[in-house]
Amino acid sequence: MRLRNKIIITIVMLAMMAILNNNVFASSTNSTDEINSSTMIQTSSSMKLEIPIVKQKKEIDLNEIIEKNEKEVITERIEKNEIDVEFSTHYRENNSLAKGKIQTLQEGQDGKQNAIMKSIYKEGELIKNEQLSSEVTKASIDKIVEVGIASYGDNYVPIVGDKLQATPVILAIRVEPSAEADKVVTINKGNVVTLVSQKDDWYYVQYETSYGWVEKNSLTQYDPNQGGSGDGNTVQYSKEQLTQNLGFSMLLNRKSGLSVDQFKKIFENDSNDKKNVFKENAEYFYYVEQQYNINGLFVAAVAIHESAWGCSNIAQSKKNLFGYQAYDKDPYDNAQGFSTYAEGIDLVSRVFVKYYINPPGTAIYNGEKAVGTYYKGSTVSAVNVSYATDKNWANGVYKWIVYLYNKL
């Protein structure tokens, strides 16, 4: 009996070894064949023994795993780049210009600097740059802009593009700036022309499809509001018109359409504006719209979100409403200081236009084209991707955009 049991055990063990050897051979010759999860062995004594067989796993591709991990991990690189030094804009009030009018006396020009940058990449895409050191190789040239503060009146001096009205009953537009020159066309009192240029006591104007010269004293300012606020805008839209495209997917590379008075109205009496920073600088959000084709309420909303309505330390001591260049390493010391809030509003608006909200190659201001380094789209959520590490930044900014529009 004992000998019989030993024989059975020996047979079972030999059978197990044979099956295992067969499975190894099968998996080595065809790794895709499926193997039953268990095999039944029956001995001569009708005793059944279940032997579990482990399925052969697919071969691991280490290169694939490494490549996947490299894409998912945020990487940092130290790089030396030549980058632009953004110019500053200085605003001057001019009581000979109608309110809302802008006149550029000197165009700004970016400088150049060699900078050591810490570049942060995610999934192979650049998401943030931090400047570690720099050396200026070409100085920037500041922009000088005059802004009108005058209502329509005797001290109003028209600029190119202004509309003017004829005062004589009949007025001849002439080929040359001379009373003896031939007539191009004759217009009537109240007809509106557009100023193209001027020479001495003559204006070169456009009337419908005709161009010619008229004497300065035969034209007067055209007030589209007919004695209203005197705003330089020819049209003032209603709240319903201005908010028809309001939404999280609204395009930021479009003007809001608000007049300068509407910007001022929004910030006139707001309890959040404890330092009156936004009340005293409301018109500059209008001016950046006119010059750079960006939604001024978006710029204002970013300033509110980043500066706690102008109450942050950086906003108060450096007149920097955006935390511009306030890198994580040392936010306060790195943050750029401005001589006025207007300078910061102007510069950051240009940064958005040049790098964030327009595709590369888009024509922007002063004959320049967008670089589009961080362009992911023209919406607030698209700007969030590269502008802020906080994923809720877009929600916070959009909340203030809606808040401002609702104050119209």
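Nothing here was measured: the structure is a model prediction, and the numbers come from that model.
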Exercise. Look at the rings of Tyr387 and Phe352 and say which category their plane angle falls in: under 30° parallel, 30 to 60° tilted, over 60° perpendicular.
Key: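 Tilted: the ring planes of Tyr387 and Phe352 meet at 30° to 60°.
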
Quiz item: Between Phe278 and Phe285, what is the ring plane arrangement, given parallel below 30°, perpendicular above 60°, and tilted in between?
Solution: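 The rings of Phe278 and Phe285 lie parallel, inter-plane angle below 30°.
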
Is there a donor in the side chain of [X] and an acceptor in the side chain of [Y], or the other way round, less than 3.5 Å apart?
| X | Y | answer |
| --- | --- | --- |
| Gln241 | Ser238 | yes |
| Tyr203 | Gln198 | no |
| Asn320 | Tyr341 | no |
| Asn293 | Tyr365 | no |
| Lys143 | Gln291 | yes |

Exercise. State which residues pass side chain to side chain contact (heavy atoms under 4.5 Å, CB included) with Asn313; sequence neighbours excluded, sorted by chain then number.
Key: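 Expected list: Ser317, Tyr332.
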
Quiz item: For Asn188, what residues pass the side chain to side chain contact (heavy atoms under 4.5 Å, CB included) criterion, not counting sequence neighbours?
Solution: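 Side chain to side chain contact (heavy atoms under 4.5 Å, CB included) check on Asn188 returns Ile170, Asn191.
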
Quiz item: Per the ring pair (Phe, Tyr, Trp, His ring centres under 6.0 Å) rule, which among Tyr405, Trp393, Phe248 passes with Tyr398?
Solution: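 One option only clears the test, and that one is Phe248.
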
Quiz prompt | Within 45° cone of Phe298 ring axis and under 6.0 Å: Arg254 NZ or CZ | solution =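 Geometry flag: not set, cation outside 6.0 Å or 45°.
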
Within a strict 4.5 Å, meaning less than it, do heavy atoms of the [X] and [Y] side chains meet?
| X | Y | value |
| --- | --- | --- |
| Ile294 | Ile357 | yes |
| Thr186 | Leu171 | no |
| Tyr356 | Ser386 | yes |
| Leu252 | Val383 | yes |

Quiz item: Is Lys138 paired with Asp110 through a side-chain N to carboxylate O contact shorter than 4.0 Å?
Solution: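 Salt bridge absent between Asp110 and Lys138.
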
Practice problem: Only counting residues at least two apart or in another chain, list the ones meeting ring-ring contact (aromatic ring centres under 6.0 Å, His included) with Tyr403. | Solution: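 ring-ring contact (aromatic ring centres under 6.0 Å, His included) list for Tyr403, sorted by chain: Trp400.
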
